[in-house]
Amino acid sequence: MSRKALIAANWKMYKTSAEAQAFVDAFLPMVAGHTRDEIALFPSPVLLPGVVAACKGSNVAVGAQNIHFAEEGAYTGETSARQLTAAGGTHTLIGHSERRQYFGETDEIVNKKLHTALKHGIVPIICVGEVLEERESGKTASVLKTQVTGAFAGVSLAREVTSSIVIAYEPVWAIGTGRTATPEIAADAHRIIRAEVSKLLGSDAAAAMRILYGGSVKPDNATALIGQEEIDGALVGGASLKPDSFAAIVKY
Ligand code: PGA
């Protein structure tokens, strides 16, 4: 089954609105007419309306790095799914390891956010991945299975919907460290994740679901990683901050 790759830029807490505008101005011409892959930018919430406006009519989608699971309410500092879609955002990251590590996000919270995103027609990118200690003690498979099972609790969907759900495998030891998983290590983890999705949602859904790799993806390793049959795109942090470097990854 051929799955259209998604190449996503996680800008984390970088860029002002002027810097984001300058990025988009330079980046759009570099990827104009590129239809082989889907492209999406994930700026901070305060930048989102400006980036949406700058990308309007282009082949580049815009999403949030996080949403809250509640519809609305007294949740100071949070962004709702409705606020995201009203601002023109179409995607959201869910459960990025930095959210899990610094903001206490659990598999249960990830699951609630997934339900909320699906209810609002937002494309979710569910992030999973083991920390170094878990990999070194042989726990990678069980950690991934627990995270995937937790994320999908209570989710049973038609194939059209599951094909819009995206998982990003991001080994925590590879994020921002310059230490990339080898294409073989990544593909192995992707097979574990896909097998788990198959158990939970059926083999058709598993075959349609895109699984991205994230963790120190750069222009010089993108081809080897995304070229793997099992790897359906990339979630890119550091190397997505410069237009030429992110465009080079898009064109792996
Ligand atoms: P990195 O970040 O590419 O800088 O390793 C990836 C991520 O955190 O999504």
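Atoms within each ligand, like the ligands themselves, are counted from 1 in listed order.
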Does K15 use its side chain to pair, donor to acceptor, with the backbone of L241 at less than 3.5 Å? yes
Mind jotting down which protein residues get a heavy-atom contact under 4.0 Å with ligand 1? Chain and number order, please. N10, K12, H96, E170, A174, I175, G176, G215, S216, L235, V236, G237, G238
Applying salt bridge (Lys or Arg N to Asp or Glu O under 4.0 Å), which residue pairs with at least one partner in residues 91-102 are found, sequence neighbours left out? K12-E98, R99-E105, R100-D107
Please list all pairs passing the salt bridge (Lys or Arg N to Asp or Glu O under 4.0 Å) test where one or both residues lie in residues 38-57, with sequence neighbours left out. E38-R210
Within the side chain of R3, is there an N or O that forms a donor-acceptor pair under 3.5 Å with the backbone of I211? no
Within the distance-only criterion (no hydrogens, no angle test), does the side chain of S216 pair as donor or acceptor with the backbone N or O of A174 below 3.5 angstrom? yes
According to side chain to side chain contact (heavy atoms under 4.5 Å, CB included), who are the partners of T79, at least two apart in sequence or on a separate chain? P45, Q83
